[in-house]
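Working notes for the structure below.
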Amino acid sequence: MNRAYYENSISNFITENLNSILGQLSLNHSNRQLEDLQKNAWVKQIEILKEQLVNFKGKIYFEFAIPRMGKRVDNIIIISDTIFVVEFKVGEGNFESHAQTQVLDYTLDLKNFHEGSHNTKLIPLLIATNAKGVVPDIEEVVNHRAVAKTNKRELKNTLELFLGKGNKSINCDFWENSIYKPTPTIIEAAQALYKGHNVKDISRSGSGEINLSKTTNCLNKIIEHSKHHKIKTICFVTGVPGAGKTLAGLNIANERMKVDEDEHAVFLSGNGPLVDVLREALTRDLVENSKLKGNPITKEKAKRETSAFIQNIHHFRDEYLKQDIEPTEKVVVFDEAQRAWNEKQVSSFMKRKKGIENFKMSEPEFLIDVMNRHKDWCVIICLIGGGQEINTGEAGIEEWINSLIKNYSGWNVHYSNLITGSSNYIKTKIQKKWLKNNAHSESELHLSVCIRSFRSEKISAFIQELLELNITEAKKIYNQIHKDFPIYITRDLSKAKNWLRKKAKGSERTGVIASSGARRLRPFGINVKNEISAPVWFLNSERDIRSSYFLEEVATEFDIQGLEIDWSCLAWGANFYFNDNSWNYQSFKGTKWQNIKQETSKEYLKNTYRVLLTRARQGMVIFIPEGSEVDFTRSDLFYNGTWKYFKEIGIEEI
């Protein structure tokens with residue numbers, strides 16, 4: 001992908017023939033059907049910039065790529081110590097809010113992900129050619145809380161307002177050749193991959209760390225080997241929370257679709273909200289892009305096209321439950337495979353919902369059995385999150401291993417080396433020994449770096465130490481991360497919401513999240529029993545009261561697992577609280593709290609808070625309510641110990 005369709009020094013740009021510039025832009029522009037409309041806009045831009053940039057020295061770029069967003073900014077103008085990120089609205093008489101958000105998003109993307117822009121003054125600039133001039137608030141614009149707004153006549157004056165006096169000029173060659181290391185949301189990643197972008201274009205990797213490209217290459221080799229030798233293979237891919245397991249799965253499914261359509265590679269997930277959100281995002285994106293290309297399609301047609309790429313695992317299961325046939329899919333990726341049901345849960349479900357008596361297989365066993373119907377080869381890829389089981393009946397990776405040992409020992413098994421080295425995955429010595437003796441350990445199948453939060457790669461480690469009550473280590477990591485990844489606590493929900501609103505810039509998404517068992521947050525207007533529409537909550541704009549931005553509807557662990565937002569407010573419930581140097585676990589039944597005694601249920605609840613604590617990309621505030629003297633279900637005991645524990649770690653109060 002070329003960084004820009006056209007680039008030149010400002011002085012050469014001013015003297016260069018308009019048709020020459022236009023020719024270079026047209027040569028790089030792929031959308032022929034909108035050529036005339038685009039050409040007219042470029043002509044106006046060129047004419048205005050030639051007139052307004054006289055006497056300035058620096059460099060100018062047209063159609064500069066923002067890969068993570070899959071878009072190009074109209075212009076980058078570098079003058080002295082300042083980079084102007086410019087969006088033109090030719091013929092417009094108003095500075096529309098969506099246009100302001102657009103240019104601010106471009107600016108934030110460069111600031112966060114382009115190394116040459118990290119410590120550089122970036123100015124978001126919106127030019128509505130026919131609008132009235134607006135005097136900018138310099139500080140607000142420099143801090144990216146607002147956008148500089150100007151018109152075709154006052155552009156020069158606006159640029160001068162932001163230029164430093166005698167500061168060192170930017171090295172343009174160094175800047176444009178700096179590494180771009182984006183960290184897309186899973187929604188953005190799915191859209192980019194579906195459009196045909198490579199995972200290298202949309203992801204970053206730490207030096208020396210196992211990264212997404214290496215994992216993808218390893219899986220591709222395993223698939224090709226299985227195909228060539230006609231063998232059946234299962235792979236277990238692990239990763240820390242936010243390491244990109246879902247992205248790796250989407251990527252391999254997408255790549256195999258391109259390699260050979262007859263493989264019918266598919267990405268399957270039992271996470272209903274994730275499937276719904278990704279499908280809706282792909283559908284909306286396909287409709288919009290088709291319209292821009294001059295070939296508009298209906299939303300229903302777009303939905304049919306995108307549904308083949310991402311499917312609900314339960315629909316897949318039900319299809320092959322109906323009849324004993326060989327699947328069309330040769331390569332299947334199971335996301336969050338640790339959440340597949342154990343035999344007891346499946347048996348109960350089959351009896352209640354399907355009318356099938358005495359179903360004797362766990363979900364992992366049945367899914368392997370379905371793929372085992374292939375007469376020659378197939379590959380199952382299981383994406384495993386250690387410590388991510390959050391619901392009754394979720395079997396974890398141990399049930400997959402049990403199924404292989406009992407009935408499918410002839411399968412070729414490749415597993416992440418972390419599976420046998422961490423209690424988060426397998427606890428029994430028998431299973432670990434079987435894997436070591438009968439399977440292939442692959443370091444490339446573990447994703448060790450959290451990429452959800454581009455601010456800090458140590459968030460998951462901090463959360464682990466916090467939940468395991470390792471105060472000394474938690475303090476140490478918190479001191480390392482809190483400047484880059486702010487974490488605060490408060491006992492005032494309105495303060496938490498105001499903090500989110502002040503922190504978020506552009507279209508950065510905010511939201512309130514809580515445990516589904518935190519039933520006594522209702523007095524604060526947080527009703528975890530109220531079901532949300534995940535696609536609406538995650539995708540709709542700040543103008544929709546149902547969206548996350550409005551901070552009214554709350555998402556639980558079931559809504560948000562596998563997804564993320566930029567800034568979160570985690571409302572801490574009384575179901576999981578710190579007291580007497582340990583975590584206490586309880587569930588709300590009828591009108592009172594009851595202690596949770598089963599160790600498995602305790603682990604589910606701790607994992608619930610692990611999921612919630614790792615959903616933010618840029619920072620979070622934790623709301624811990626005050627206790628109540630008149631409501632015994634909201635005793636001080638349920639909140640004060642947790643508050644003091646977080647304070648002891650060093651988490652600051654707002």
query = Which value, rounded to the nearest 0.5 Å, describes the distance between Ile310 atom CD1 and Leu282 atom CG?
reply = 5.0 Å

inquiry  = Taking Val611's backbone N and O only, do any of them form a donor-acceptor pair with Glu557's side chain (distance below 3.5 Å, no angle check)?
reply    = no

ask   = How close do Ala146 and Leu104 get, heavy atom to heavy atom, and via which atoms?
value = O-CD1, 4.3 Å

request  = Working to the nearest 0.5 Å, report the span between OH of Tyr488 and CD of Glu653.
outcome  = 11.5 Å

query = Any side-chain donor paired with an acceptor under 3.5 Å for Asn295 and Ser290?
reply = no

task = Answer yes or no: is there an ion pair linking Arg509 with Asp566, defined by an N-O contact shorter than 4.0 Å?
result = no

ask   = Does a side-chain heavy-atom distance below 4.5 Å link Ile622 with Leu613?
value = yes

task = Please determine which of Tyr5, Phe13, Phe88, Trp42 meets the ring pair (Phe, Tyr, Trp, His ring centres under 6.0 Å) test together with Phe62.
result = Phe13

key: Residue pair Val554 / Asp559: nearest heavy atoms and the distance that separates them   = O-OD2, 4.4 Å

key: Donor + acceptor pair across side chains of Gln561, Asn271 (<3.5 Å)   = no

message = If the threshold is 4.0 Å, N to carboxylate O, is there a salt bridge linking Arg284 and Glu288?
response = no

query = Any side chain to side chain donor-acceptor pair (under 3.5 Å) pairs touching residues 125-144, not counting sequence neighbours?
reply = Glu140-Arg145

inquiry  = Hydrogens and angles aside, do Thr283 and Thr306 bring a side-chain donor and acceptor to less than 3.5 Å of each other?
reply    = yes

key: Validation row: Thr556, Ile513 side chains within 4.5 angstrom (heavy atoms)   = no

query = In terms of side-chain geometry, is the basic nitrogen of Asp81 or Lys121 positioned less than 4.0 Å from the acidic oxygen of its partner?
reply = yes

Rounded distance (nearest 0.5 Å) linking atom CD of Gln480 with atom CZ of Phe485 = 14.5 Å

request  = Quick one: do Lys299 and Glu280 satisfy salt bridge (charged side-chain N to carboxylate O under 4.0 Å, His left out)? Show the steps, please.
outcome  = CA-CA 10 Å; Lys299 188 173 182 180; Glu280 179 66 17; 2.7 Å; yes

ask   = If you count the non-hydrogen atoms of other residues, nucleotides and ligands that lie under 6.0 Å from CD1 in Ile545, is the total more than 12?
value = no

task = With rounding to the nearest 0.5 Å, note down the distance linking NE2 in His118 to CG in Leu122.
result = 10.5 Å

Check: Asn171 side chain, Asp173 main-chain N or O, donor-acceptor pair, under 3.5 Å = yes

task = Applying side chain to side chain donor-acceptor pair (under 3.5 Å), run through Tyr549 and Glu508 and close with a yes or a no.
result = CA-CA 9 Å; Tyr549 289 116; Glu508 291 173 351; over 6 Å; no

message = What verdict does the side chain to side chain donor-acceptor pair (under 3.5 Å) test give for Gln618 and Glu564, after you've listed the backbone C-alpha separation in whole Å, the side-chain angles of each residue and the deciding distance to 0.1 Å?
response = CA-CA 10 Å; Gln618 298 198 51; Glu564 64 266 300; over 6 Å; no

task = Work out which heavy atom in Pro273 is nearest to a heavy atom in Ala534; give both atom names and the distance.
result = CB-CB, 3.8 Å

ask   = Is the backbone of Ser507 close enough, under 3.5 Å, to the side chain of Asp105 for a donor and an acceptor to pair up by distance?
value = yes

task = Might you point out which heavy atoms bring Lys39 and Ser26 nearest each other, and give the distance in Å?
result = CE-OG, 3.5 Å

ask   = Under the side chain to side chain donor-acceptor pair (under 3.5 Å) criterion, do Glu16 and Ser20 qualify, and how do the steps go?
value = CA-CA 7 Å; Glu16 188 172 353; Ser20 171; 2.6 Å; yes

ask   = What residue among Val73, Val86, Asp74 forms side-chain contact (heavy atoms from CB on, under 4.5 Å) with Tyr106?
value = Val73

ask   = Has the side chain of Asn254 got a donor or acceptor atom that lies under 3.5 Å from a matching backbone atom of Leu250?
value = no

query = What do you reckon, is NZ of Lys44 surrounded by more than 12 foreign heavy atoms closer than 6.0 Å?
reply = no

message = Do Ile76 and Trp175 make a side-chain contact, defined as non-hydrogen atoms from C-beta onward lying under 4.5 Å apart?
response = yes

inquiry  = With a 3.5 Å distance limit and no angle check, can you tell me whether Lys111 reaches the backbone of Thr120 through a side-chain donor-acceptor pair?
reply    = yes

query = Do the non-hydrogen side-chain atoms of Leu570 and Trp572 ever get within less than 4.5 Å of each other?
reply = yes

ask   = Would you call Tyr61 and Cys172 a side-chain contact if the rule is heavy atoms closer than 4.5 Å?
value = yes

task = In sequence, state the C-alpha distance, the side-chain angles, and the governing distance for Ile78 and Ile10, and then conclude on side-chain contact (heavy atoms from CB on, under 4.5 Å).
result = CA-CA 9 Å; Ile78 302 179; Ile10 291 175; over 6 Å; no

N-O pairing of Glu176 and Lys59 below 4.0 Å = yes

inquiry  = Looking only at side-chain N and O atoms, does Thr490 offer a donor or acceptor that is under 3.5 Å from a partner on Trp499?
reply    = no

key: Shortest non-hydrogen contact between Phe267 and Gly249, atoms and distance   = CD1-C, 3.7 Å

key: Side-chain donor or acceptor of Asn151 paired with backbone N/O of Ala128 under 3.5 Å   = no

ask   = Does a salt bridge link Lys89 with Glu87, judged by any charged N lying under 4.0 Å from a carboxylate O?
value = yes

ask   = Given side chains that start at C-beta, do those of Pro486 and Trp567 come closer than 4.5 Å, heavy atoms only?
value = yes

query = Is there a donor-acceptor pair under 3.5 Å between the side chain of Asn12 and the backbone N or O of Asn8?
reply = no

query = Does atom NZ of Lys50 have more than 12 heavy-atom neighbours from other groups under 6.0 Å away?
reply = yes

key: Whether over 12 other heavy atoms sit under 6.0 Å from Asn17 CG   = yes

inquiry  = If I take atom CZ from residue Phe550 and atom CD from residue Glu542, how far apart are they, to the nearest 0.5 angstrom?
reply    = 9.5 Å

request  = Quick one: do Ile565 and Thr510 satisfy side-chain contact (heavy atoms from CB on, under 4.5 Å)? Show the steps, please.
outcome  = CA-CA 6 Å; Ile565 54 178; Thr510 59; 5.9 Å; no

inquiry  = Tell me whether Thr101 contacts the main-chain N or O of Ser97 through its side chain, where contact means a donor paired with an acceptor under 3.5 Å.
reply    = yes

inquiry  = What I'd like to find out is whether the side chain of Leu493 reaches to under 4.5 Å of the side chain of Ile526, using heavy atoms alone.
reply    = yes

request  = Walk me through it: do Phe462 and Ile649 pass the test side-chain contact (heavy atoms from CB on, under 4.5 Å)?
outcome  = CA-CA 11 Å; Phe462 169 67; Ile649 288 172; 4.0 Å; yes

Close side-chain approach of Phe56 to Leu163, heavy-atom, < 4.5 Å = yes

message = I'd like to know if the side chain of Arg279 reaches the main chain of Lys303, judged simply by a donor and an acceptor atom lying under 3.5 Å from each other, with no hydrogens or angles considered.
response = no

request  = Without swapping roles, check the side chain of Gln191 against the backbone of Ala281 for a donor-acceptor pair under 3.5 Å.
outcome  = yes

note = Value for CD1 (Ile127) from CD1 (Ile48), rounded to nearest 0.5 Å, stands at 7.0 Å

query = So which heavy atom on Arg615 is nearest to which on Gly562, and how close?
reply = NH1-N, 3.1 Å

